[in-house]
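Notes to accompany the following structure.
Chain identifiers are assigned alphabetically (A, B, ...) following the order of the sequence lines, protein sequences preceding nucleic acid strands; residue numbering begins at 1 within each chain. Heavy-atom basis, side chains included; hydrogens, waters and symmetry copies ignored.
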Amino acid sequence: MTEVNQDIDLSLYMNESAIQDLGPVIEGVQVWGPVTNQDFRKTFLDWYDKESRRLPWRESKDPYRIWVSEIMLQQTRVDTVIGYYARFLSAFPTIKALAEAEEDQLLKVWEGLGYYSRVRNMQAAAQQIMADHDGIFPDNLADIKKLKGIGPYTAGAIGSIAFGIPVPAIDGNAMRVISRLFMINADIQKPANRKIFEAVGQYLVDPDRPGDFNQAIMDLGSSFETPKKAMPELSPLRDFTMATLTRTTDNYPVKSKKAKAKPVYYQALILQNAKGQVLIEKRTQHKLLNNLWTVPLINLGTSANQNLPANEKTAFLLAETQEAYGISPIFMRKEIGQVKHVFTHLIWHILLTYGQLKPVDEKKINDMITSGEADYAWVAPHQFEDYAFPTVQMKVWQAYEDYQKDNHHNIK
DNA sequence: CAGGCGTGGTG
DNA sequence: TCACCAAGCCT
């Protein structure tokens, strides 16, 4: 059985807190009763009415705009999203525009925001809405949940904010706040424990103002009830929060650790044609950074493998390049730079190698581009507006530029 | 279910 | 430098 707050006796704290009555046990959590619940909601929403953050997506109840903000905000900071939100809406002002957009243009607008499947899923959902709902965002939870990329949290957020449906929106903030309210020991990392917070959240949410209630949780979670360096004694809910009353805020939420990122090694090929343009390719058939563009990357595996003699390294590189691209560039012996990029689950270590194409190889590449056989393209430095590059590629460009700067003998 | 999936900020 | 984090969802 999941550990919850069974070791806590709420009644012990009734005299020295705002808790006035005891309520039911929900999923093993002893919660306060209806009298306290009303008091709690009023206190919380009064605070929200006075102190809520003014954010671009709070200016409208349009479900499309709420939806866009909720997808962008998944695992992403508010400050980062603000830089993308208006641009996205101006590029794709309606569900129809999103549904009909070119994927390349979609990724270009999302470029740098990360978790790119979010925007691909959002377009798929927009197409679902065009097909199944005449282009009108569905107004009930069951249909909202069917949309690609919308899970239990996002459905609750859109449902409550845009349509006033009385449901909680259980994200990391909500689990942190609720775990501190009732000193819930369930590991929030475990999917099975979601139902505990869903159920308690459902009990707590104000049925008259569910959207404001859920957004109040967000604001509280980003101000007084933060993951680190919380200031629970300044929270408007301090007298309702068991962890604050017992000075155990830092014990909540319980959260198990995730595996740390593993290193992967690559050789990036900076291949120039006669015009001085550089070869890039679209990452089709990948899961990571799918359909974004990078220079050719040769995977060297999980060990550096760089303690080989120089001539063997070159031979290896030539063989790999011939294998993957059917060409034999003239490589510079020494690497021209390096890049380190950290993903959630991987760390890429990239060595940049410069090479020039022989005319016959350049023709081979050009033929593949012309025939549409492969997603290659030639780009000149600083003329990147047509392609969506992930941040790791922007770092590669930067390293290449640094090298050119340091070696005033222009590579050409 | 565990692991995959980005990026930038923070202590 | 590094661990951890920020309005999760999909497979």
>> Suppose you measure atom P in C:dT11 against the same atom in B:dG6; what distance do you get, rounded to whole Å?
In response: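 To the nearest whole Å, 14 Å.
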> Between B:dC5 and C:dC2, how far is it from one P atom to the other, in whole Å?
Replying inline: 22 Å
>> Return whichever of A:Gly112 or A:Ala192 has its heavy-atom-nearest nucleotide of DNA chain B closer to the 5' end.
In response: A:Ala192
>> I want to confirm an ordering. Mapping A:Phe389 and A:Gln189 to their closest nucleotides on DNA chain B, which one lands closer to the 5' end?
In response: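 Nearest-nucleotide comparison on DNA chain B picks A:Gln189.
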>> Between the base of B:dG6 and the side chain of A:Thr344, is there a donor and acceptor pair under 3.5 angstrom?
In response: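 Looking at the base of B:dG6, it does pair with a donor or acceptor on the side chain of A:Thr344 (distance under 3.5 Å).
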Any base atoms under 4.0 Å from [X], or only sugar-phosphate, or nothing? Heavy atoms, all strands.
X        : value
A:Thr76  : base
A:Ser69  : nothing
A:Ala259 : nothing
A:Ile217 : nothing
A:Val78  : base
A:Trp57  : base
A:Leu55  : base
A:Arg176 : sugar-phosphate

Is the phosphate of [N] approached by [X] (side-chain N or O, under 4.0 Å from OP1 or OP2)?
X        : N     : answer
A:Thr391 : B:dT7 : yes
A:His341 : B:dT7 : yes
A:Lys395 : B:dG8 : no
A:His345 : B:dG3 : no
A:Lys260 : C:dC2 : no

>> Please determine whether a side-chain nitrogen of the Lys or Arg among A:Glu225 and A:Arg180 lies less than 4.0 Å from a carboxylate oxygen of the Asp or Glu.
In response: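 Answer for the salt bridge query: yes.
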> Given the side-chain rings of A:Tyr115 and A:Trp110, with only the six-membered ring counted for Trp, is the space between their centroids under 6.0 Å?
Replying inline: no
>> My understanding is that only one of A:Arg53, A:Arg54, A:Lys50 makes a salt bridge (Lys or Arg N to Asp or Glu O under 4.0 Å) with A:Asp219; could you say which?
In response: A:Arg53
Among [options], which nucleotide sits nearest the side chain of [X]?
X        : options              : value
A:Tyr115 : C:dG8, C:dC9, C:dT11 : C:dG8
A:Lys258 : B:dC5, B:dG6, B:dC1  : B:dC5
A:Leu289 : B:dG9, C:dC4, B:dT7  : B:dT7
A:Lys340 : B:dA2, C:dC2, B:dT7  : C:dC2

Starting at [atom1] of [X] and ending at [atom2] of [N], how long is that distance when rounded to a whole Å?
X        : N      : atom1 : atom2 : value
A:Arg118 : C:dC10 : CZ    : P     : 13 Å
A:Asp79  : C:dC5  : CG    : C1'   : 14 Å
A:Trp110 : B:dC5  : CH2   : P     : 18 Å
A:Phe343 : B:dG3  : CZ    : C1'   : 16 Å
A:Leu292 : B:dC5  : CG    : P     : 13 Å
A:Met175 : C:dG8  : CE    : P     : 8 Å
A:Lys287 : B:dA2  : NZ    : P     : 18 Å
A:Lys228 : C:dC2  : NZ    : P     : 16 Å

> Taking the six-membered ring for Trp, are A:Trp348 and A:Tyr266 parallel (under 30°), tilted (30 to 60°) or perpendicular (over 60°)?
Replying inline: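 A:Trp348 and A:Tyr266: tilted rings.
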>> Please tell me whether A:Glu281 and A:Tyr325 have a donor and an acceptor in their side chains that are separated by less than 3.5 angstrom.
In response: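 Side chains of A:Glu281 and A:Tyr325: pair found under 3.5 Å.
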> Do A:Gln215 and A:Ser52 get their side chains close enough for a donor-acceptor pair, meaning under 3.5 Å?
Replying inline: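 No - no donor-acceptor pair under 3.5 Å links their side chains.
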> Start at the 5' end of DNA chain C and walk down; is the nucleotide closest to A:Ile150 or to A:Gln215 reached first?
Replying inline: A:Gln215
>> What verdict does the ring-ring contact (aromatic ring centres under 6.0 Å, His included) test give for A:Phe92 and A:Phe88, after you've listed the backbone C-alpha separation in whole Å, the side-chain angles of each residue and the deciding distance to 0.1 Å?
In response: CA-CA 6 Å; A:Phe92 313 106; A:Phe88 186 95; 5.1 Å; yes
